[in-house]
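A short worksheet on the structure shown next.
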Amino acid sequence: FSVWVLILIQGWLPPMECNISEEIPLFNENRVLKKDPQQDYHLEYAMENGTHTILAFSRELHTCDTNDKSITESTVRVIWAYHHKDMGEAGQNYHGSNRGTKSLRLLNPEKEEVLSASLPYFDLTNKDVPVPDKDTTYWCQMFKIPVQHEKHHVTKVEPLIQKGHENLVHHILLYQCSSNLNDSVLDYGHECYHPNMPDSFLTCETVIFAWAIGGEGFTYPPHVGLSIGTAADPQFVLMEVHYDNPSYTEGLIDNSGLRLIYTPVIRKYDAGVIEAGLWVSLFHNIPPDMPEFVSEGHCTLECLEEALGAERPAGIHVFAVLLHAHLAGRAIRMRHFRNGQEQKLLAYDDEFDFNFQEFQYLKEERTILPGDNLITECHYSTVDRTHMTWGGLSTRNEMCLSYLLYYPRINLTRCASIPDIMEQLQFIGVKEIYRPVRTWPFIIKSPKQYKNLSFMDAMNKFKWSRSEGLSYNELVLKLPVNVRCSKTDNAEWSIQGMTALPPEIERPYKAEPVICSSSSCLCGSLFLTLLFVVHVPASTVGNIGPFV
């Protein structure tokens with residue numbers, strides 16, 4: 001039974017020192033798979049019966065073989081293929097449709113806790129939502145948390161995505177709403193961010209859970225849970241579902257949502273969520289035809305000083321992070337600064353896959369103190385685009401966000417920033433806008449070539465080149481930022497709207513390079529063991545030969 005597996009990571013690799021001959025092509029001109037002359041895996045176990053083939057194999061994380069990819073905490077693309085007949089002397093048989101690919105985090109799998117099958121749960125699901133035949137729809141529906149009068153902890157959240165809608169449902173956010181609402185808000189859903197949406201939706205600002213496309217369920221650590229059932233906990237929640245329908249398919253009806261599993265056995269800490277990064281707006285923009293462009297969203301020391309200093313001087317403990325961008329995203333890093341010194345990355349994904357976004361469990365919980373800085377750093381590629389890419393809700397727009405799961409819960413829900421707008425305009429030669437600014441988009445007054453144009457029209461009219469894009473990127477990363485710092489109860493911290501500067505880094509953090517010194521170029525003693533299982537339909541069993 002012929003099985004071959006390729007593990008690929010596309011993108012950046014960590015620094016390595018290794019003497020290896022020139023990289024050998026993986027395929028020849030006839031697309032026939034070539035054997036790597038340096039085999040760096042070890043077969044641990046193999047078994048085959050009438051329906052299954054099982055292979056367990058291991059390899060070092062960093063082999064320094066140019067035909068191998070280093071395995072890191074970033075996303076890994078696993079490509080698999082098999083044929084129902086064994087290899088002959090001529091080599092492997094073409095696999096036909098028996099192939100596939102899946103993005104995984106091999107070093108950061110979901111934490112599986114043994115939960116009792118008898119634990120109660122409740123579902124928050126849409127009921128026959130008609131998805132419009134348009135590119136992007138955000139649908140909002142109110143729910144009332146069924147558990148009342150007694151504290152419980154949610155221990156796991158699972159996505160309930162309607163079968164066949166795995167690519168339609170892009171993300172689901174769960175917001176805590178005002179406790180002063182009444183049950184009448186439960187009677188209807190409505191398109192989010194719409195002029196006619198109900199006023200009650202405006203009370204829902206605090207994210208209590210986030211799920212994105214490709215993600216699995218999330219299990220809270222044993223000492224932490226999402227608190228429900230007390231007066232301080234969410235009683236009404238708003239579920240926001242982003243439907244991504246670029247093909248404008250008509251007649252779609254969706255019933256997706258979330259399942260929350262909970263327990264009366266109270267855990268030590270209540271979990272909270274902080275949304276950090278770039279405020280989603282047109283102030284975030286990326287020029288066209290850029291192989292790489294970096295954007296930064298700041299959770300500033302001013303915000304963390306006020307929020308944590310008021311409630312938690314000893315700091316909060318982050319245990320998981322969800323990194324979020326859209327189609328132009330290529331890599332995301334959550335950077336952490338303290339007293340001018342950069343700490344180890346809080347979380348990262350240097351091989352970002354838009355279709356695979358889920359919480360990363362931190363190997364070690366990280367403490368965030370008053371006066372720290374956090375930067376969500378997003379790397380983009382717009383080489384396939386001819387116009388500016390704007391921050392916005394559509395997947396064709398961009399975002400740069402991090403969702404931090406932490407404990408103990410404090411009164412901070414959002415810690416973000418937006419760069420100064422006037423210096424962006426000055427870069428393209430804008431001298432004056434009509435003031436006072438009472439409407440958006442505002443109108444440019446001078447110079448003549450931009451007169452009476454909006455901000456978007458002027459930025460699109462500018463003749464962007466890659467060198468201009470690089471200069472613009474250098475400028476944007478140095479601009480003062482407008483602080484966006486929000487409380488759980490929809491109020492704002494006093495520093496909301498103030499202008500701050502990016503942190504001055506006295507000592508940037510440098511990861512130790514992976515060094516290969518032995519003749520076989522094996523790097524260290526870190527191994528990864530993989531289990532690969534192939535299930536063969538009964539109709540093909542008769543064609544299977546002996547295991548090789």
Side-chain angles (χ1 to χ4, degrees), residues 138 173 193 205-207 274-287 290 293-307 323-326 328-329 332-335 337 373-380 382 388-394 396-404 412-428 430 433 435-444 454-460 462 469 472-487 490-503:
Y138 280 67
L173 290 178
Y193 313 110
E205 288 284 335
T206 301
V207 176
I274 297 174
E275 181 183 272
L278 266 164
W279 190 269
V280 180
S281 75
L282 299 176
F283 294 92
H284 176 208
N285 48 73
I286 307 165
M290 294 299 295
F293 189 92
V294 180
S295 298
E296 291 181 349
H298 295 261
C299 179
T300 65
L301 64 87
E302 292 83 4
C303 179
L304 291 174
E305 182 74 53
E306 182 173 13
L323 303 171
H324 182 65
H326 285 176
I332 312 178
R333 294 174 172 182
M334 187 63 171
R335 302 173 68 187
F337 302 84
N373 282 83
L374 299 174
I375 297 180
T376 306
E377 177 188 282
C378 296
H379 296 248
Y380 302 99
T382 58
M388 292 290 289
T389 297
W390 302 96
L393 300 178
S394 168
R396 264 54 64 187
N397 298 138
E398 266 310 326
M399 294 186 180
C400 182
L401 295 171
S402 300
Y403 292 90
L404 282 66
L412 175 66
T413 180
R414 184 174 287 113
C415 184
S417 72
I418 49 177
D420 181 80
I421 186 66
M422 287 310 301
E423 293 202 42
Q424 294 183 48
L425 286 168
Q426 289 170 10
F427 179 86
I428 65 170
V430 171
I433 65 173
R435 294 182 182 275
V437 177
R438 292 193 177 93
T439 61
W440 178 264
F442 56 77
I443 303 301
I444 295 170
S454 69
F455 169 56
M456 294 180 68
D457 289 338
M459 294 291 274
N460 276 324
F462 184 75
Y472 181 64
N473 201 174
E474 291 176 2
L475 168 72
V476 169
L477 294 177
K478 297 176 182 176
L479 288 181
V481 297
N482 186 278
V483 177
R484 317 294 291 182
C485 192
S486 306
K487 295 183 178 181
N490 210 25
E492 296 173 343
W493 295 99
S494 67
I495 50 84
Q496 171 80 358
M498 74 170 287
T499 299
L501 291 172

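Just so we're clear, the structure is a prediction, and the values are computed from it rather than from any experiment.
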Legend entry - Sidechain-backbone polar pair: Asn373 side chain, His298 backbone, donor-acceptor under 3.5 Å: no
Inset, instruction - Using side chain to side chain contact (heavy atoms under 4.5 Å, CB included) as the criterion, point out the one residue from Val280, Thr376, Leu323 that pairs with Leu401. - result: Val280
Legend entry - Listed partners of Glu306 passing salt bridge (charged side-chain N to carboxylate O under 4.0 Å, His left out), at least two apart: none
Inset, instruction - Please identify each residue that fulfils side-chain hydrogen bond (donor to acceptor under 3.5 Å, both in side chains) with Thr389, with sequence neighbours left out. - result: Arg385
Legend entry - Residues which pass ring-ring contact (aromatic ring centres under 6.0 Å, His included) with His284, listed by chain and number, not counting sequence neighbours: Tyr380
Legend entry - Residue list, side-chain hydrogen bond (donor to acceptor under 3.5 Å, both in side chains) with Thr300, at least two apart or on another chain: Glu302
Legend entry - Side-chain (Thr413) to main-chain (Ser486) donor-acceptor, under 3.5 angstrom: no
Inset, instruction - Identify, with sequence neighbours excluded, every residue that meets salt bridge (charged side-chain N to carboxylate O under 4.0 Å, His left out) alongside Arg414. - result: Glu205, Glu275
Inset, instruction - Under the side chain to side chain contact (heavy atoms under 4.5 Å, CB included) rule, collect the residues that match up with Thr499, sequence neighbours excluded. - result: Pro480
Inset, instruction - Grab the two heavy atoms, one from Cys485 and one from Leu412, that are nearest each other, plus how far apart they are. - result: SG-CD1, 3.9 Å
Legend entry - Qualifying residues under ring-ring contact (aromatic ring centres under 6.0 Å, His included), relative to Trp493, sequence neighbours excluded: none
Legend entry - Contacts of Tyr472 that satisfy ring-ring contact (aromatic ring centres under 6.0 Å, His included) - sequence neighbours left out: Phe427, Trp464
Inset, instruction - Sequence neighbours left out, what passes side-chain hydrogen bond (donor to acceptor under 3.5 Å, both in side chains) with Ser417? Give chain and number order. - result: none
Inset, instruction - Could you name each residue pair satisfying side-chain hydrogen bond (donor to acceptor under 3.5 Å, both in side chains) that touches residues 473-482, not counting sequence neighbours? - result: Asn482-Arg484
Inset, instruction - Using the test side-chain hydrogen bond (donor to acceptor under 3.5 Å, both in side chains), find all partners of Thr206 that sit at least two apart in sequence or belong to another chain. - result: none
Inset, instruction - Mind checking ring-ring contact (aromatic ring centres under 6.0 Å, His included) for Phe293 and listing every partner two or more places apart, or none if nothing turns up? - result: none
